[in-house]
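Hydrogens, waters and symmetry mates are skipped; everything else that's a heavy atom, side chains included, is used.
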Amino acid sequence: MFTYTLRRLAFAVPTLLIISFIIFVILDMAPNDPTASLPLTIPPEVRQQIRDALGLDQPMPIRYFKWCVQFFWNEPVNLIEQWTGWTIGDSESRLRVISWQTRSPVVDLIAERMPQTLWVVGMSYVVGILIAIPIGVISAYKQYSWFDQFGTLFSMAGFSVPTFFTGLLFIVIFSVNLQWFPSVYDTTHRVTDWDSFWFQVRQMIMPVMVLALFNASQISRFMRASMLDNLQQDYVRTARAKGLRERAVLLIHVLRNSMIPVVTVIALGVPQIFGGAIITEQIFRVNGLGQLLIVGIQSADIPLVQTLTFIFAVLIVLFNLVADVLYGILDPRIRYD
Amino acid sequence: MRLTHLLGTAVVLALGASAAMAERGADGQLNIIYWQAPSTMNPFLSGGTKEVEAASMVLEPLASYDQDGNIVPRLVEQLPTVENGGVAADLTSITWKIKPGILWSDGTPFTANDAVFTWQYCTHPEGGCSQSSYFDGVTSVEAVDDLTVKVIFAEPKPYPYTAFAGSESPVLQAAQFADCLGAKAPECTDANFGPIGTGPFVVTDFKPNDVISLEANPNYREADKPAFGSVLFKGGGDAASAARSVLETGEFDYAWNLQIEPEILTQMEAAGKGSVVVSFQTSVERLHLNQTNADSGLSAEERSVYNDGNNPHPFLTDPEVGKALSMAIDRELLVEVGYGKTGQVTCNVLPAPELYASTANDGCKTQDLEGAKAVLDAAGWVPGGDGVREKDGVRLSVLYQTSTNSVRQGTQALIKQWWNELGVEVELRNIDASVFFGGDPASPDTFQKFYADIEMYTNNFSGADPEAYMANWRCSEIPGPGTQWQGSNIQRFCKPEYDALVDEMAKTADLATRGELAKAMNDMIIQEYSIIPLIHRGGTSAHANTLGGVKMTDWDSELWNIADWHRVE
Amino acid sequence: MADGGDPRVLVRVDGLKMHFPIHEGLLRRQAGSVKAVDDISFEIFEGETLGLVGESGCGKSTAGRTILRLYQPTEGVIEIDGRDISTLEGTALRDLRPTMQMIFQDPQASLNPRMTVGSIIAEPLSEHHAMNATDRRNKVYELLDAVGLNRDFANRYPHEFSGGQRQRIGIARALALNPKFIVCDEPIAALDVSIQAQVVNLLEDLQEKLGLTYLFISHDLSMVRHLATRVAVMYLGKIVELAPRDALYNDPKHPYTQALLSAVPNPDPKTEAVRERIILTGDVPSPANPPQGCNFCTRCPKVMDRCRVEEPTWRDLGQGRYAACHLLEDA
């Protein structure tokens, strides 16, 4: 398994390099201009100066090479410096990946956005899983019962109603009419005591629930299908013949085996958390990574979009590997050599 | 803490409402929402309105515009004019006298050197300064003494209030930005995110594209201002939800740029938590009529290229056609459907300030379809077999493009209906705004390339002087392959008489005469029908009913007088 | 039995029915039922092997599972050791599990792929006996020895074994609780022919050593002839004939039994040469919609008009022989 992981990681390096190049080429070919969002009152000469100052006058291969150096060498060195306090080489003149729009290092922007995205989107994933698994288990165990029908309705609704609709609905009900929860997420809020913790919970509830419903609807279907699959297996009958309690049959034998495909689906979905939830973040103004990406796209902030999409690509490749390795660990029948 | 606060409130109540403004920071926190979040606090590095407005709470120019578009002194004692000797008689320099005692928020004195440095910063060739046009024609900025700034122009400058006037041209602190000149500008992240200013607030935390936390500037020049102790400036989301957070949930005190359907805004306002404010500046939604041939059969060297007048449009150069097209439009209806109280009917491309606004074209305000038909009949454009008017084998068939936006598509549909009734064939097209305004010379879909007969968008000018704006339509400003399609004369209008008026205005200092010249230029463009103005558009914002002191303006930053904002019961 | 003494009845099945409901339509109303087991009665004596034979789909596996209460029977009585278990639930039923066990047809599918062999065998021990870990491990080793498997296999997973080894694991698992009665549900059907004999011999050895009672379900008539004390023949949810082994094989009474046996090759070349095959025509009717009268009437070579109207009764033919056929009434 270890050598398998190492080999997969080694293969990932050229794959990711090619991906980074493709992303760069696509972004370069896209018809966008970092000065397009500026007011028309700014004259064309000034726009050209701005573009030159951003380095857009250089040819594409050179810009790609510069990005590679900045991202693969300068940024890691800078990280090491920050963690250890050492000074490696000439850290003053080392160029980092700079966002065109904010003129600040892209990696710092990402680090700043990470907490709210992990809190809100990550929490919604966890909540979604916690809702989905019992629903999937009970729906499968009591197939065609009213609970199962309700679960099917729930996941169909959760899956097909877009988050911008549920989000808006939640705001109108809970913020405008009932005034229970704030409609705007405060990213400057710090949790220091019970009161501030309670405020954090209140401002997280709506975005978390909107996303959790969406996540739960997908995972509960996977869970249900996998449970149904396993409930019909002979080993379940064996377990009953052994005289196990029904709870033990269900939780130890069926659930554990059913979790194998579900866990891999969950692992494959983790990069989405880091991708943020563009729409939900916009609606509740959580302003995490999803909003960073969309603002970057709107203002043609190529270094930001390039870096973010590339990090997503890395995460996707990584979590594909994690899913495969998890599968190998959970299912003794799978062996990687 | 709580007790003293209560006592404080009691005292305030006892002394009456006026006393509430008497103490800096007494009104607590002000919550502002800009649905487009600022990406930096340095307006020189991003020319976007949102950045300029956010920065205007911290950075100040020497003079700014009030809600009526009048220029007023801010960091100077009085406005320099020729009469008071502030502007040289030959119009080649202006001397600003800084008020004594003004401090930066770090406690150091504000001096003329800071203005000199700001000029150097923004005109550095590698800096990519977004506001460098404010220094056009400036040969040098000198510090005569600590409190005297002299701006010297290469040529006589009849309207000298460009550099250091208005929120787009504020003064930076030399000490903070000394190492940030030219290519190094973007590396000064701390300074760009937290500039030291003379304004009423100081940045405490800046999260780009998300939220800005500010607190009252302890060294602000008026001891009792600002009334608010801190500001939370949140960004993100969309215009409708920003409006909702002020008008319906009351979570925020002020929301900016609420371009949403008028009836939705009216509904939200009915909740009674806040009110919508509109201010008109110079934004005009207009049609540009291509004066060159945009036939798709032409080569890249010819299509929509002026070629010294050798490639005229087959019919849009005929003012009678333009006149009929203009007469057929019911502008009142366009306002009602798409703009509500945020729009007004206009017949001028230069609708304000009042001094410059012509009244010669007001006939367009009422629709006259029959009159329009008569105009075309008289000009020899008669309906052909398919109902489309034609003359000498040329059919009145136009391609009409604009950016993708629901209000614009609604306007397009209405206009198409009227023109069809007139006997003009119309094909509609809409292009994503980022491409349409993107300026990519390789793209066929930019508004500069104008590969269509008619296009619609909004333009305006900043500040209150139209000289540079009216110069947009000189012959030399026509975009083409030779200039990488750069140039502001989008409709390719060229008239030597017009260029002569532009030149004359550049030499005239007297305001009344300038007004006459501007009107003459406006009328020439309108009566040649190369531009058909439609709607004078205003800026729309909303503020909570508990927020007082808002003087909405579109001439400057909306937050220009935030130092005077306060809480009302 | 061999000693001629009066054998004790260990398992008694009386009028057992197992009907599975069929749901149809939008609201999933019950539209009918599959009569997998439809009114069967028999007894199994302590220490004997009762063979249960029949074609695929005749309900013999369902019968086995219902007797062990892996299904909730629709009707009828199941007595094990004199106790009616047909309506027991929950703990009461679980407490009886140690006495009755099952060996399954597909040794691969019937073992939980995520558990080691050791924990598969030990799980019922921890469920039913208060045993410490060492005792449990020793018991597992003992069982592995008993079924002829290496002790080291305890830490491996089922997929690492061959079919025959897996079936031995299944047997060890079934033996863990010292059962008296084991239902062997086609335990050799999924195995290679070379392995089948080994497993059958193991089952025989264990029966001898531990005094087990088997219900041996199989479609393999020769294997049943080898193993069984008595044999029951099932057709479409019903038992058509039950008799001591030799009596049944030498002189089948029911037309269906005759047809089945005629298909079995005989090891004696002389009799094999004159063996006359009875070829049954038509398909087995659906158990959801069995024919009126005798279940076998649609395919019986000796069918009479009466067969299509009246269901034959289960009658004692003497000498421990039973059958249900109108022909035998007249004889």
- So which part of Lys184(B) gets closer than 4.5 Å to some heavy atom of chain A, the side chain, the backbone, both or neither? neither
- Measuring heavy-atom distances to chain B, does Gln291(A) have an atom under 4.5 Å in its side chain, in its backbone, in both, or in neither? side chain
- Output the option from Thr188(A), Val184(A), Leu168(A) having the highest count of non-hydrogen pairs under 4.5 Å with chain B. Val184(A)
- Message: For the interface with chain A, which of Gln131(B), Glu51(B), Lys50(B), Lys234(B) has the highest count of heavy-atom pairs at distances below 4.5 Å?
- Response: Lys234(B)
- Sort Lys207(B) into side chain, backbone, both or neither according to what part of it lies under 4.5 angstrom from a heavy atom of chain A. both
- Message: Quick check for you: among Asn459(B), Thr40(B), Asn472(B), which has the greatest number of heavy-atom pairs under 4.5 Å with chain A?
- Response: Asn459(B)
- Go through the side-chain N and O atoms of Ser99(A) and Asp301(A) and say whether any donor and acceptor fall under 3.5 Å apart. yes
- Task: Among Ser133(B), Ser130(B), Ala468(B), single out the residue with the greatest number of heavy-atom pairs under 4.5 Å to chain A.
- Result: Ser130(B)
- Item | Cys188(B) versus chain A, the contacting section by heavy-atom distance below 4.5 Å | neither
- Message: Ring-plane angle category for Tyr457(B) and Phe447(B), please: parallel below 30°, perpendicular beyond 60°, tilted otherwise.
- Response: perpendicular
- Is it the side chain or the backbone of Leu54(A) that comes within 4.5 Å of chain B heavy atoms, both, or neither? neither
- Considering only heavy atoms, which portion of Phe193(B) lies under 4.5 Å from any heavy atom of chain A: side chain, backbone, both, or neither? side chain
- Task: Taking atom types as modelled, find out whether Asn209(B) and Ser39(B) have a side-chain donor-acceptor pair closer than 3.5 angstrom.
- Result: no
- Result for side-chain contact (heavy atoms from CB on, under 4.5 Å) between Pro105(A) and one of Asn74(A), Thr307(A), Ile98(A) points to Ile98(A)
- Query: Which distance, rounded to the nearest 0.5 Å, do you find between the SG of Cys180(B) and the CZ of Phe44(B)?
  - Reply: 13.0 Å
- Part of Glu251(B) lying under 4.5 Å from any heavy atom of chain A: side chain
- Message: Under a 3.5 Å cutoff, is there a donor and acceptor pairing between the side chains of Ser167(B) and Asp556(B)?
- Response: yes
- Message: Heavy-atom pairs under 4.5 Å with chain A: which of Asp205(B), Ile33(B), Leu232(B), Asp238(B) has the most?
- Response: Ile33(B)
- So what's closer than 4.5 Å to chain B heavy atoms on Val295(A): side chain, backbone, both or neither? side chain
- Item | With sequence neighbours excluded, residues passing salt bridge (Lys or Arg N to Asp or Glu O under 4.0 Å) with Glu75(A) | Arg96(A)
- Query: Looking at Asp186(A) and Arg285(A), does any basic side-chain N land under 4.0 Å from a carboxylate oxygen?
  - Reply: no
- Part of Phe206(B) within contact of chain A (heavy atom distance under 4.5 Å): backbone
- Message: Can you list everything that forms a side-chain contact (heavy atoms from CB on, under 4.5 Å) with Leu45(B)? Sequence neighbours excluded, please.
- Response: Arg103(A), Asn42(B), Tyr121(B), Ala185(B), Asn192(B)
- Item | Pick from Gln49(A), Gln101(A), Gln48(A) with the largest number of heavy-atom pairs that fall under 4.5 Å of chain B | Gln101(A)
- Task: Could you tell me whether the side chains of Gln36(B) and Trp256(B) share a donor-acceptor contact shorter than 3.5 Å?
- Result: no
- Give, as side chain, backbone, both or neither, the part of Ser213(B) having an atom under 4.5 angstrom from any heavy atom of chain A. side chain
- Where on Ile171(A) is there a heavy atom nearer than 4.5 Å to chain B: the side chain, the backbone, both, or neither? side chain
- Task: Answer yes if the side chains of Ser557(B) and Glu168(B) hold a donor-acceptor pair under 3.5 Å, and no otherwise.
- Result: no
